[in-house]
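For the numbers below, each heavy atom of this structure counts, side chains included, while hydrogens, waters and symmetry mates do not. Letters A, B, ... mirror the listed sequences (proteins, then strands); counts begin at 1.
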Protein chains: 2
Amino acid sequence: MAANTTEMTRKAKKTNGGARGGPRRRGELQDRVVAQLRRGLMVGAFVPGQTISLRKLAGHLGTSAMPVREAINQLTAANVLEMLPNRTVCVPRMTPARFEELSKVRQALEGMAAEMACRRASPQLVKRLEKVNAELLHAIRARDILGCLARNQEFHFTLYEAADSEVLLPLIEPLWLQAGPIMYFSLISPDMPWDASAHGDVLKALRDHDAAAARRAIERDIRNTASYLLKSSVFRGASGPLVALRRESDFDFGMFG
Amino acid sequence: MAANTTEMTRKAKKTNGGARGGPRRRGELQDRVVAQLRRGLMVGAFVPGQTISLRKLAGHLGTSAMPVREAINQLTAANVLEMLPNRTVCVPRMTPARFEELSKVRQALEGMAAEMACRRASPQLVKRLEKVNAELLHAIRARDILGCLARNQEFHFTLYEAADSEVLLPLIEPLWLQAGPIMYFSLISPDMPWDASAHGDVLKALRDHDAAAARRAIERDIRNTASYLLKSSVFRGASGPLVALRRESDFDFGMFG
DNA sequence: GATCACATAATATGATCACACTCACCGGCG
DNA sequence: CGCCGGTGAGTGTGATCATATTATGTGATC
């Protein structure tokens, strides 16, 4: 699927501009690059500490350097990517201390979002969440790592979107992206005791319209997985062996080298 | 080293590049533009709802459109500026509901930062905070609006920086920038009952090494000013009359038109 | 054989250009 | 008089070019 457009860009004159694939909508490329980067971070295509080159990435993505620049700028401003003093960007290394802070902030923010969502909760929302949670449990039983990640994310964010807050959601999303790579690498460990019981508590709180309980359940969910990750070996080993475990072929993200 | 100086000037009009003001450090212009925009937002040079044009701003700032683009992109990614569906950016309008959410989030995050800072607090920190607070009180007595804003910001951020968190600070800063314009316009009201008593409680908690009390004090400080602002007339009137009250000449920010 | 200087390659940054789209103003037609 | 279509300026986006800076590799020197 990765279109190899290197041939076409050779001598496309300078008058062309961007008519390569027909007319574009405004900001399409930039948003597409951001989406690909986000997905790549969530899915473990990037290794913590890895530096990201503008031109190389642009070449892999088949675009000019311009959209990549703006996408990387956005992610850097959101603290998803880090800018070294050399002005080169890299995906941040996660230390235990930082991860613990991240979890505490997530508990506060996502707990607040859960509380607000519970107040606005509709039966349809509960039904959707039950469906997603069932899929999550199925993915856990099937040992489907990516399915777990995707369903878990879907569960949390459909809940948070129900809070309908223009302040909270934009704050929560980057936090997930910061934790994304670590989450992926952690799930590789064969004895991942994913604990989805907190999700059940969330659903119960929503049905009872008990906002405080919803907050506590979300906080417990975050705290559980965080404490497991801190006890696991994710932070002990260097990122070396983890690289080998990437399954690039599953997603068209071999490009991020 | 002196390789191809033979074809130095291709066409006199595009060879200039950026040598206008002599050599620059890397990323200097971009950071400078970001700093100017931040300061402008804090200081009331922008009116909520005002749209921002890339080329105009670049022209006023004396630079190319490039650094302005990246600066605006950063601020947009941090939710400090808003991007309309037309892909034009504007400084967000603040509604009471949004401001209330903002204050609740600020209470949670800044309370957490105060708690962490209290645990790491040193006598030097307390001393510096006392000095800043004294200056703040002086500015209040002198009815120095900008002095109040600057000192208050300095008080809070020297405290939060003491928390030494790479997670919290980047989250807190944009929240202040979001509230920045409203804060400025609110202080214009002649009967601003600025309540710095919470700052005293913060200092006392720091001296007592009582982290929980520090958190409560900061939360109270935010809650107080928020409830006052919500009761004031800032949100009632349209932004029309507020524009006239800008004192552009005080800062070299008449450029932001 | 190790270290340092220098040349080469690669990088991010800034400037400029070309294009598609948006919006406001205006003249015509209903 | 009111709606409608054109037309122009203005906008953000993407591509390309130029430049300074940084990283890297290779050579000579000690």
Side-chain angles (χ1 to χ4, degrees), chain A residues 5-6 8-34 50-76 81-90 257, chain B residues 1-34 50-77 81-90 257:
Chain A
T5 58
T6 54
M8 327 172 47
T9 59
R10 183 50 57 189
K11 280 299 176 187
K13 297 294 189 290
K14 62 189 304 185
T15 60
N16 188 345
R20 240 196 298 284
R24 292 181 315 267
R25 281 182 305 280
R26 223 166 163 137
E28 191 201 22
L29 275 188
Q30 187 181 146
D31 297 344
R32 197 161 58 87
V33 173
V34 172
Q50 171 182 1
T51 69
I52 294 178
S53 163
L54 226 65
R55 286 176 166 78
K56 283 180 185 170
L57 199 57
H60 287 305
L61 264 56
T63 71
S64 159
M66 206 65 227
V68 180
R69 268 168 76 171
E70 311 201 348
I72 285 184
N73 255 327
Q74 286 182 31
L75 295 176
T76 302
L81 297 180
E82 199 174 4
M83 174 168 283
L84 302 174
N86 323 340
R87 311 291 289 192
T88 65
V89 296
C90 70
Chain B
M1 174 202 236
N4 45 3
T5 56
T6 57
E7 24 187 283
M8 52 185 278
T9 59
R10 211 166 269 273
K11 294 190 175 81
K13 65 185 220 175
K14 64 192 312 182
T15 51
N16 186 347
R20 238 198 297 281
R24 292 178 312 269
R25 280 184 305 282
R26 225 171 168 141
E28 189 202 24
L29 275 188
Q30 187 180 147
D31 296 345
R32 198 159 60 87
V33 173
V34 172
Q50 172 182 1
T51 69
I52 294 178
S53 163
L54 229 64
R55 287 177 171 83
K56 283 180 186 169
L57 198 57
H60 286 307
L61 265 54
T63 71
S64 159
M66 205 66 227
V68 180
R69 269 168 76 172
E70 310 200 348
I72 287 184
N73 255 326
Q74 286 183 31
L75 295 176
T76 303
L81 297 179
E82 200 175 4
M83 174 168 283
L84 303 173
N86 324 338
R87 311 290 289 193
T88 65
V89 296
C90 69

A:Glu28 atom CD is separated from D:dG14 atom P, nearest whole Å, by 8 Å
Rounded to whole Å, CG of B:Asn73 lies from P of D:dT13 at a distance of 7 Å
Taken to the nearest whole Å, CG/B:Leu61 to C1'/C:dG14 is 14 Å
Pull out every protein N or O sitting under 3.5 Å from an N or O of nucleotides 9-11 of chain C, one pair per line with the distance.
unit_1: C:dT11; atom_1: OP1; unit_2: A:Ser53; atom_2: OG; d: 3.3
unit_1: C:dT11; atom_1: O2; unit_2: B:Arg26; atom_2: NH2; d: 2.7

Reckon B:Asn86 has a side-chain N or O less than 4.0 Å from the OP1 or OP2 of C:dC23?
yes
Closest heavy-atom pair, A:Ala58 versus A:Ser64, reported as atoms and distance to 0.1 Å, is CB-O, 3.4 Å
B:Leu84 CG to D:dT11 P, in whole Å, measures 14 Å
A:Arg87 has its side chain closest, among D:dT13, C:dA12, D:dA15, to C:dA12
Rounded to the nearest 0.5 Å, the CD1 atom of B:Ile52 sits from the CE atom of B:Met83 at a distance of 11.0 Å
Between CG of B:Leu29 and C1' of D:dA20 the distance, given in whole Å, is 13 Å
| Side-chain donor or acceptor of A:Arg69 under 3.5 Å from a matching atom on the base of C:dG14? | yes
Rounded to the nearest 0.5 angstrom, the CG-CG distance for A:Leu84 and A:Asn86 is 5.5 Å
Result for 5'-nearest mapping on DNA chain C, choosing between A:Val89 and B:Ala65, is A:Val89
All heavy atoms of A:Val68 vs all of A:Thr63, minimum pair found to be CG2-OG1, 3.9 Å
Bend of the helix from C:dG1-D:dC30 to C:dG30-D:dC1 from end-axis comparison, five pairs per end, nearest 10°, comes to 10°
Atom CE of B:Met66 and atom P of D:dC17 are separated, to the nearest Å, by 16 Å
I'd like a table of donor-acceptor pairs (distance under 3.5 Å, sequence neighbours excluded) in which one partner is a side-chain atom from residues 70-77 of chain B, with atom names and distances.
unit_1: B:Glu70; atom_1: OE1; unit_2: A:Asn73; atom_2: ND2; d: 3.3
unit_1: B:Glu70; atom_1: OE1; unit_2: B:Gln30; atom_2: NE2; d: 2.5
unit_1: B:Glu70; atom_1: OE2; unit_2: A:Arg69; atom_2: NE; d: 3.3
unit_1: B:Glu70; atom_1: OE2; unit_2: A:Arg69; atom_2: NH2; d: 2.7
unit_1: B:Asn73; atom_1: ND2; unit_2: A:Glu70; atom_2: OE1; d: 3.3
unit_1: B:Gln74; atom_1: NE2; unit_2: B:Gln30; atom_2: OE1; d: 2.7
unit_1: B:Thr76; atom_1: OG1; unit_2: B:Ile72; atom_2: O; d: 2.7

Sorted by chain and number, sequence neighbours left out, side-chain hydrogen bond (donor to acceptor under 3.5 Å, both in side chains) with A:Asp31 holds for B:Arg87
To the nearest angstrom, the CD-P distance between A:Gln30 and C:dC19 comes to 21 Å
If you restrict it to nitrogen or oxygen atoms, what contacts under 3.5 Å exist between nucleotides 5-9 of chain D and the protein, and what is each distance?
none

